There are 2 protein chains.
Amino acid sequence: MGAMTAPRRQARGLARIEGILDGAASLLGEGGIEAVAMNAVARRAGISPGSLYQYFSDREELLAALARRYAERLAAVAPPTATDAVVRDGDLTAVIDAVLDPMLDYTLRNPESRALVVGGDGGLERIVEPVRQAVTERLVALVAARAPQLSGAETRRVAHMCDRIFSATVPALLDADDAERAALARELRVVLQRYLEPIDRGGPGARRARALTPSNASPSRRRRASGG
Amino acid sequence: MGAMTAPRRQARGLARIEGILDGAASLLGEGGIEAVAMNAVARRAGISPGSLYQYFSDREELLAALARRYAERLAAVAPPTATDAVVRDGDLTAVIDAVLDPMLDYTLRNPESRALVVGGDGGLERIVEPVRQAVTERLVALVAARAPQLSGAETRRVAHMCDRIFSATVPALLDADDAERAALARELRVVLQRYLEPIDRGGPGARRARALTPSNASPSRRRRASGG
DNA sequence: GTCGTTTACGAGCGATCACTCGCATTGGGC
DNA sequence: GCCCAATGCGAGTGATCGCTCGTAAACGAC
């Protein structure tokens with residue numbers, strides 16, 4: 001690995017990098033990974049194809065940098081960590097909202113989320129790993145804080161499951177119109193709420209059994225007051 | 001459109017088609033959609049590249065046929081329909097098992113599931129649609145049978161959610177070793193159970209509150225709303 | 001048998017795409 | 001002002017890949 005010392009970037013170069021990643025991100029959001037062709041990225045960023053390789057040694061590295069930047073920004077907007085007040089003292093609904101709201105907001109504002117969050121097939125899997133890991137690590141810490149009775153493996157499993165559930169709903173959310181999107185987001189909260197409630201705070205009713213008012217539970221609907 | 005009448009296939013030709021799809025499926029399972037190159041499929045099937053186009057007009061059609069065959073086989077092994085006894089009379093756990101077991105079995109036996117079930121990005125999305133639709137339609141019927149109190153839109157949403165939760169766990173299941181795989185499958189059941197229990201049979205305790213014994217709740221806590 | 005259709009071949013065409021190379025320009029440190 | 005690294009260009013290269021085409025054998029119906 002003769003990785004020569006990275007060149008000392010000038011301000012201009014750093015700005016270029018951002019521009020390149022911006023172009024790549026928009027292409028990724030518009031046409032999936034296949035649309036992220038090097039020439040297309042260069043054109044979108046307003047530079048020459050050759051200049052791309054001034055900053056990224058190959059396509060893989062560009063995509064990796066794109067995923068890294070996405071993961072960092074996502075982590076930056078999803079504030080609650082295990083030491084936050086909400087996580088320590090809030091009830092489950094509050095914690096779920098505190099985690100989910102910023103993530104949904106960021107995810108839905110960035111069309112490239114479809115490719116970077118769901119990953120799936122197409123060579124994206126390896127690239128998407130940093131994103132998934134960043135999210136999962138945060139969730140592991142959160143689950144550990146709220147459900148300390150779980151073993152390490154169980155904690156990881158629960159966190160992973162939550163991550164998967166979230167990721168799986170992202171494409172549907174991106175495709176839906178505003179009304180359906182809100183309904184889906186609510187449904188996502190219901191899934192997580194019902195899944196986590198029995199293990200939260202060491203078990204059901206450990207503190208106080210909060211009335212769980214599902215959006216679709218009983219025939220006598222209309223009882224829902226708190227939304228997103 | 002100028003769709004010329006399909007040629008009258010001889011037995012040999014039909015066998016070839018299966019062989020081609022087998023080759024494509026194995027390639028898809030091994031290296032994702034990028035590995036499903038026409039020349040590679042031909043080599044894997046032991047025929048000439050030109051012969052592929054005797055049966056499929058282009059790559060897209062081959063992939064579509066592959067997805068269609070996968071969806072049909074998946075539907076064939078997942079027996080319970082809305083009219084089945086389990087769905088009519090069984091408790092929720094039994095229904096979940098009856099639906100999930102064959103699907104998991106089929107999915108885990110076929111490595112191409114990773115590409116065909118999760119879909120995601122990479123041009124697979126359009127191709128994967130028949131698979132997703134086939135599964136979702138079945139689930140909609142099932143949810144409608146067990147939760148008739150839901151509106152059409154709610155039913156679809158719940159079914160879609162279940163489908164997504166299932167699909168999202170598939171890659172993790174495929175990657176895991178046997179022990180972790182069993183644990184994940186159990187966790188998947190827990191998620192679905194807790195999600196669906198409040199709406200099953202028209203609501204919680206509508207018939208009789210079934211004891212829910214989660215795999216990861218705190219050891220001494222088995223209490224649940226059994227007083228009904 | 002005869003004839004038209006189906007099956008089969010495989011070299012090669014055209015297009016795409018990641019990446020290179022030679023060279024010109026700019027900017028910062030001294 | 002000098003110098004070297006950083007920045008910038010864009011036509012071109014090699015490889016890959018989907019697909020075609022001319023040809024020929026195998027098959028089925030009569």
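These numbers come from a predicted model, not from an experiment. Proteins get letters first, then strands, A, B, ... in listed order; numbering begins at 1 in each.
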A:R44 side chain vs A:G23 backbone, donor-acceptor pair below 3.5 Å |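 Flag not set: sc A:R44 to bb A:G23 has no pair under 3.5 Å.
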Is the number of heavy atoms from other residues, nucleotides or ligands under 6.0 Å of B:R156 CZ greater than 12?
->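 Counting other residues, nucleotides and ligands, CZ of B:R156 stays at 12 neighbours or fewer.
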Assess whether atom CZ of B:R126 is packed by more than 12 heavy atoms of other residues, nucleotides or ligands within 6.0 Å.
->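 No, CZ of B:R126 has 12 or fewer neighbouring heavy atoms, counting only those of other groups under 6.0 Å.
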Looking just at side-chain N and O atoms, do B:Y106 and B:S113 make a donor-acceptor pair shorter than 3.5 Å?
->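 Checked: B:Y106/B:S113 side chains show no N/O donor-acceptor pair below 3.5 Å.
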Taking atom types as modelled, find out whether B:R132 and B:S167 have a side-chain donor-acceptor pair closer than 3.5 angstrom.
->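 Looking only at side-chain atoms, B:S167 and B:R132 do form a donor-acceptor pair, the distance falling under 3.5 Å.
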Nucleotide-resolved protein contact map, nucleotides 6-28 of chain C, B/S/- at heavy-atom distance under 4.0 Å | SBBBB-------SBB------S-
